[in-house]
Amino acid sequence: MIGNRLSALLAEGLSAAQAAGEVGAAPAVAFAVERRDDELADYSSAEALRLARIVRAPPRAIAEAILAHLPPSPLVRRAEVAGPGFINVWLDDAWVFDQIQTVNAAGPAFGRSDQGGGARVQVEFVSANPTGPLTAGAGRGGVVGDALARLLEATGHDVTREYYVNDAGHQVEVLGQSVYHHYAAVFDAQAPFPADGYQGAYAAAWGAQIAREDGPRWLGGGAAADAAAFEARAVGIGLAEIRRDLDDLGIEFDVWFSEHDLRARGEVARALATLEANGYVARRDGAVWFVGGAGMEDRENVLVRSRGDPTYFAADIAYHRDKFETRQFERVIDVWGADHHGHVPRMKAAMEALDMDASAAQLEILVTQMVGIRTDGALGRQGKRSGKFVPLREVLDDVGPAATRYFFLSKAIDSQMEFDLELAKRQDPENPVYYIQMAHARCAGIQRTAAAAEASDGTAAASGAGASDSTAAASGAGALTDDDAALARLSLAFPEIVADAAQNREPHRVTHFLLDYARAFHAYYNKHRVVTADAALTARRLELVQAVRHVLANGLRLLGIDAPERM
RNA sequence: GCCCCCGUAGCUCAGCGGACAGAGCGGCGGCCUUCUAAGCCGCGGGCCGCAGGUUCGAAUCCUGCCGGGGGCGCCA
């Protein structure tokens with residue numbers, strides 16, 4: 001990556017300057033190099049300014065000394081000191097154009113790296129209860145988790161995508177009762193609707209579906225004949241709907257991990273036994289409590305209810321132990337919704353109580369902030385049990401998967417976002433995602449033009465007999481312009497964007513880069529013609545266009561958005 | 001009361017220690033006989049919530065305050 005190479009180059013310059021006694025000794029410096037790509041510079045470093053304090057010398061003098069000892073490099077056309085002591089670097093155009101061939105040789109792999117070293121990483125996301133349809137908020141977690149998984153794969157990680165299915169516990173019981181109430185009603189039988197039951201219309205729909213498909217065989221007294229089996233039946237419908245939504249969003253999981261199975265295997269009991277052996281358990285009021293975890297001094301949490309059944313917390317502890325101890329993931333990334341943020345500290349405390357390393361190095365918990373859905377101009381309150389929420393399905397049907405994914409991936413995860421449904425629908429054709437896709441389609445269009453010309457005349461350029469590019473013509477046949485160089489330079493920045501986005505767990509960086517990149521290409525497209533009578537120029541520009549197409553396609557693939565050839 | 005996130009252009013949001021603060025949408029004005037006008041070019045628009053502090057340098061870090069959202073259950 002260019003940034004790394006320039007960084008190393010500057011570090012060499014500094015060492016040489018220090019060896020020559022021109023700069024004082026200092027601890028090893030990793031030169032931070034920033035990509036600028038504006039009038040000021042292509043790349044820039046402010047490291048001399050920071051060094052000034054350490055070696056007690058004027059920053060400009062340090063920067064000058066570094067440049068004086070800079071080893072020659074094919075990448076660098078020019079390097080100079082600017083302002084208070086910035087080191088500005090301009091890339092060599094010839095080197096940049098050479099790299100375009102490297103881009104095309106890599107093709108779909110351009111942007112990938114092995115910085116992950118093959119580490120086994122689990123990304124657990126969505127994991128919404130199968131007690132109702134996915135909400136728009138769950139969609140955010142899904143899209144972000146999926147994009148993160150794609151980024152990690154592209155940067156050399158061995159990724160497992162996992163959905164933790166809460167198919168056991170109190171909420172599932174309540175769901176079973178809620179659905180059974182409606183199911184029984186189909187056969188004119190009475191069954192109580194639970195006090196905290198699921199109010200959404202879907203509960204009735206599921207009840208009707210079971211009645212239609214299974215007949216009256218579940219009928220019991222006030223409850224289903226085989227309550228556990230009936231719950232499983234309802235959960236099955238819920239999961240099927242969830243899978244369909246996720247499928248339409250282009251999200252696939254490697255593992256659907258069942259909480260029910262985890263309990264059945266005795267893992268929850270085993271985790272509780274370990275906690276107790278380690279002295280983190282207290283019994284009070286007939287319940288079992290988690291006490292004394294690091295940072296949990298002022299809060300105690302129930303592990304086993306007085307009724308005798310374990311809580312979600314207890315099951316999640318066992319689940320995370322399974323991730324690390326049984327399956328040996330080197331790193332686990334949980335993507336949770338904002339409503340779970342209170343669960344973070346106790347989860348980490350519990351990991352430590354199990355003698356596990358819950359440090360950020362192993363367990364990362366990313367919390368996505370709320371998605372406010374604005375309908376009819378008002379921000380609605382979301383809640384699955386109240387039945388008042390905007391289903392992901394509705395968003396998907398209204399704005400489509402590409403725009404939905406783009407919207408969720410265009411913001412940092414810790415920013416609360418507002419999704420105005422009406423606006424989203426109306427703005428459909430104006431959505432930036434189509435702007436990026438259009439850039440890709442235009443690349444394909446240029447290639448079609450070139451191919452058609454070649455087929456009829458033997459050369460791509462011949463087709464452009466009448467066409468020319470006035471800007472390029474001014475500098476002579478076959479000459480590329482500064483605009484070609486700028487577009488090529490921007491293309492070469494892509495791998496770095498991907499690496500940074502993966503490392504920081506910030507998929508939105510890719511989104512923003514692509515928007516910027518598409519803008520650069522559209523401007524270029526309007527100003528310059530690729531297929532012209534100038535055969536040499538045409539050939540070189542077709543290479544550039546091919547590289548642009550790879551960057552756009554690869555970037556969109558990371559976001560899970562398709563790259564159409566025509567629009 | 002305690003905890004988490006956010007206050008940046010009319011709206012939705014980037015930028016999160018460096019050089020003049022950016023984009024999309026919206027507004028105004030131009031550009032289609034040549035590779036898709038789902039495009040391009042130009043203009044207008046900001047005490048970066050407020051007040052202190054740290055720093056050579058703060059939208060960016062720290063503290064306090066104000067405002068918005070969320071969480072604090074023997075729910076998950």
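Here is how names work: the chains are called A, B, and so on, in the same order as the sequence lines, proteins then strands, and each is numbered from 1.
For A:Asp482, the CG atom sits in a loose shell: 12 or fewer heavy atoms of surrounding residues, nucleotides or ligands are nearer than 6.0 Å.
Across all strands, A:Gly83 comes closer than 4.0 Å to no nucleic acid atom at all (heavy-atom distances). Within the 4.0 angstrom heavy-atom criterion, base atoms lie near A:Tyr525. Using a 4.0 Å heavy-atom cutoff across all strands shown, A:Arg346 reaches at least one base atom of the nucleic acid. At a threshold of 4.0 angstrom between heavy atoms, the contacts of A:Asp309 with the nucleic acid are absent. Residue contacts shown for A:Leu515 are limited to sugar-phosphate atoms, with no base heavy atom under 4.0 Å away.
In summary, A:Glu267 and A:Arg263 do not engage in a salt bridge, as defined by a charged side-chain N under 4.0 Å from a carboxylate O.
A donor and an acceptor atom, one from each side chain of A:Ser410 and A:Thr511, are nowhere located under 3.5 Å apart. Between A:Tyr524 and A:Asp484, the side chains place a donor N or O and an acceptor N or O closer than 3.5 Å (distance only, hydrogens not considered). Between the side chains of A:Asp334 and A:His320, at least one donor N or O lies within less than 3.5 Å of an accepting N or O. Counting only N and O atoms by type, the side chains of A:Glu162 and A:Tyr319 include a donor and acceptor under 3.5 Å apart. Judged purely by distance below 3.5 Å, without hydrogens or angles, the side chains of A:Asn104 and A:Gln546 never pair a donor atom with an acceptor atom.
The shortest distance between side-chain heavy atoms of A:Asp414 and A:Thr368 does not fall below 4.5 Å.
Contact annotation: side chain of A:Thr131 to base of B:A76, donor-acceptor pair absent below 3.5 Å. On a pure distance criterion of 3.5 Å, no polar donor-acceptor pair joins the side chain of A:His508 and the base of B:A14. No N or O donor and acceptor, one from the side chain of A:Glu34 and one from the base of B:G18, sit under 3.5 Å apart. Looking at A:Arg442, its side chain has no donor and acceptor atom pair within 3.5 Å of the base of B:A37. Donor-acceptor pairing under 3.5 Å, judged by distance alone, is present between the side chain of A:Ser306 and the base of B:C74. No donor-acceptor contact under 3.5 Å links the side chain of A:Asp516 to the base of B:A14.
Taking the 5.5 Å centre cut-off and the 30° plane limit, the aromatic side chain of A:Phe86 is classed as stacked on B:A19.
Residue A:Ser44 places none of its side-chain N or O atoms closer than 4.0 Å to OP1 or OP2 of B:G18. Taking 4.0 angstrom as the limit, A:Arg305 places a side-chain polar atom (N or O) nearer than this to OP1 or OP2 of B:A76. In this structure, A:Arg448 does not reach the B:U36 phosphate: none of its side-chain N or O atoms is under 4.0 Å from OP1 or OP2. Contact check, A:Tyr435 against B:C40: a side-chain N or O comes under 4.0 Å of OP1 or OP2.
With hydrogens and angles ignored, the 3.5 Å screen pairs a side-chain donor or acceptor of A:Arg140 with a backbone N or O of A:Gln369.
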Tell me, for nucleotides 57-63 of chain B in 5' to 3' order, what letter each nucleotide earns: B for a base near a protein heavy atom under 4.0 Å, S for only sugar-phosphate near one, - for neither? B------
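By the side chain to side chain contact (heavy atoms under 4.5 Å, CB included) test, A:Val291 is found to be paired with A:Ala282, A:Trp289, A:Glu300, residues two or more places apart in sequence or in another chain being considered. For A:Asp562, there are no salt bridge (charged side-chain N to carboxylate O under 4.0 Å, His left out) partners two or more places apart in sequence or in a different chain.
Glycosidic torsion of B:C62 falls outside 90° of 0, placing the base in anti.
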Between the protein and nucleotides 2-4 of chain B, list the N/O to N/O atom pairs that are separated by less than 3.5 angstrom.
from : atom 1 : to       : atom 2 : distance (Å)
B:C3 : O2     : A:His341 : NE2    : 3.4
B:C4 : O4'    : A:His341 : NE2    : 3.3

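Judged by the 6.0 Å distance and 45° axis criteria, A:Arg346 is not positioned over the aromatic ring of A:Phe290.
Separating the P atom of B:A58 from that of B:C50 is a span of 16 Å, rounded to the nearest Å.
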So what does the secondary structure string of RNA chain B come out as, 5' to 3', with Watson-Crick or wobble pairs under 3.5 angstrom, [ ] for crossing and | for pairs with another strand? (((((((..((((....[...)))).(((((.......))))).....(((((..]....))))))))))))....
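Between A:Leu40 atom CG and B:A21 atom C1' the separation is 14 Å, expressed in whole Å.
Pairs of residues two or more places apart, or lying in two chains, never qualify as salt bridge (Lys or Arg N to Asp or Glu O under 4.0 Å) while including a residue from residues 431-450 of chain A.
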